[in-house]
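Keep in mind it's a predicted model, so treat the numbers as computed, not measured. In what follows, chains are A, B, ... by sequence order, proteins preceding strands, each numbered from 1.
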Protein chains: 2
Amino acid sequence: MNKHIKPTESELEILGILWERGASTVREVHEILEQSKEAGYTTTLKLMQIMHEKGLLKRDASAKTHIYEANVSREKTQQQLLNKMIDTVYNGSATQLVMQALGHHRSSRKELDQIRQYLNEMEKKQQ
Amino acid sequence: MNKHIKPTESELEILGILWERGASTVREVHEILEQSKEAGYTTTLKLMQIMHEKGLLKRDASAKTHIYEANVSREKTQQQLLNKMIDTVYNGSATQLVMQALGHHRSSRKELDQIRQYLNEMEKKQQ
DNA sequence: CCTGTTGTACGAATATCTTCGTAAACAAAT
DNA sequence: ATTTGTTTACGAAGATATTCGTACAACAGG
C-alpha cells in the first residue's frame, strides 16, 4: 500500500527546502522561500500547517516555536514525479528524457563518467 | 521573450494526445482521453477551449467541427518542465535525475547504447 | 507589570482548475 | 417539416490551492 504523494507546486518548494536543511522552523523556511518568491509569513505558515495535516510534514510542537520536517522521502517523491513525467510528457520513453536532461544541463566530465559507469553496471545486470 | 508555459495536469494529457496525433477534433481527443479517464464530452471541450484562449492550442474553426492542434512544441514544454523538476526536486542535479530515470525504467540494450553514444558526443564537444 | 516582538490558530477572500448542465446552431435522416 | 444526433458556446457549481488579515498566546526587556 503505497501512499499517493501529490504535492502542489508550492508544497514542493517547501519540501525541497526541508530536504536540504532538515528540520526547520517556519521562519527559516520562509526566509529561504522569500529569496525566490513573494510571500507573506503567514502564507508560508498556513501552507506548512496544511502540509502537516496532509501528512507531508511532521512536526515537533513541544516548544513554542514548532519544528517541521519532511515526512515523505525525497527519493520516493522524485520517483513518483519522474514516472508521471516520463509517462505524460515523454510518452513513456525514459531514454528520451535522459538525453534531453543531458543535452541542456552541461554536465561536468566527472558527472558524465559517473553516468557511464552506471550504464555499464546496468548492462552487466541485464545479461 | 520566452513564453512561460505552464499547463495543468489535465492540459498536459490533452497536449500529449495532440502531440501524438497531430491536429484533431474534440471528439477524437475525448475518445482517447476516456480510455484512461472518466470525463464527459463537454468537459474535454471546455478544457480545450480554455487551452485555446490561453494560447496552448490553435484551432481551425472554419468548418462546423473545429480542428485543434498544439500551439506549443513538445520539446520546449518538456524542457521547461524538466528544468523546473531538476531545480526543485533534484536540487539542480541533472545527473541525479538521469541516474534515477535509468535505474527504474529498465532500458533495452539498444537504448543504453544510444545514451552512451550521446555521452561520447557530449564529451567531444566539451574538449 | 507593561510593551513590543515573535509565534500559532483560525477563518475568510481570492484565484485557479475541473466538471457538467443547458441552450443554440446545424446537418442528416425520416 | 420534424425529429434526432453532433457540435460549439456559455455559465455556473464544486473542488482545490493560495494568500493574508486578525486574534490571541508566549516571551523578553525595560
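- Phosphate contact (OP1/OP2 of C:dC17, side-chain N/O of B:T8, threshold under 4.0 Å): absent.
- Distance A:R27 CZ to C:dT5 P: 13 Å, rounded to the nearest Å.
- When each of C:dT18, D:dT19, D:dT7 is scored by its nearest atom to the side-chain atoms of B:E9, the top-ranked nucleotide is C:dT18.
- Remark: A:R59 is not in phosphate contact with C:dG7, judged by side-chain N or O atoms under 4.0 Å from OP1 or OP2.
- Nearest nucleotide to the B:T65 side chain, out of D:dT8, C:dT19, C:dA9: D:dT8.
- One finds a salt bridge joining A:D113 and A:R116 here, because a Lys/Arg side-chain nitrogen approaches an Asp/Glu carboxylate oxygen to under 4.0 Å.
- For the pair B:L47 CG and C:dC17 C1', the interatomic distance rounds to 9 Å; values are reported in whole Å.
- Between D:dA17, C:dA9, D:dT8, one nucleotide has an atom nearer to the side chain of B:H66 than all others, and that is D:dT8.
- For B:K46 against C:dG21, no side-chain N or O and base N or O form a donor-acceptor pair under 3.5 Å.
- Nearest heavy-atom pair across B:L18 and B:Y68 is CD2-O, 3.9 Å.
- Close to C:dT8, at under 4.0 Å from its OP1 or OP2, lies a side-chain N or O of A:Y41.
- To the nearest angstrom, P of C:dT6 lies 9 Å from NZ of A:K64.
- Closest approach of A:L15 to A:A70, counting heavy atoms only: CD2-CB, 4.0 Å.
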B:D60 and B:S62: side-chain hydrogen bond (donor to acceptor under 3.5 Å, both in side chains), yes or no, with the steps? CA-CA 6 Å; B:D60 173 1; B:S62 62; 2.7 Å; yes
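- The shortest distance between the side-chain N/O atoms of B:K54 and the OP1/OP2 oxygens of C:dC17 is below 4.0 Å.
- As rounded to whole Å, 15 Å separates atom P of C:dT18 from atom CD of B:Q49.
- Nearest-nucleotide positions on DNA chain D for B:V26 and A:E11 put B:V26 closer to the 5' end.
- Between the side chain of A:S24 and the backbone N or O of A:G22, at least one donor-acceptor pair lies under 3.5 Å.
- For B:K6 and D:dT18, the NZ to C1' distance is 11 Å, given to the nearest whole Å.
- Looking at heavy-atom distances under 4.0 Å, B:T43 makes contact with a base.
- The nearest whole Å value for the distance from the NE2 atom in B:H30 to the C1' atom in D:dT8 is 15 Å.
- At a threshold of 4.0 angstrom between heavy atoms, the contacts of B:T42 include nucleobase atoms, whether or not backbone atoms are also involved.
- Here C:dT8 is the nucleotide among C:dT8, D:dC20, D:dA9 with the atom lying nearest to any side-chain atom of A:L45.
- What separates CD1 of A:I50 from P of D:dT16 is a distance of 13 Å, to the nearest Å.
- Distance A:M51 CE to D:dA17 P: 12 Å, rounded to the nearest Å.
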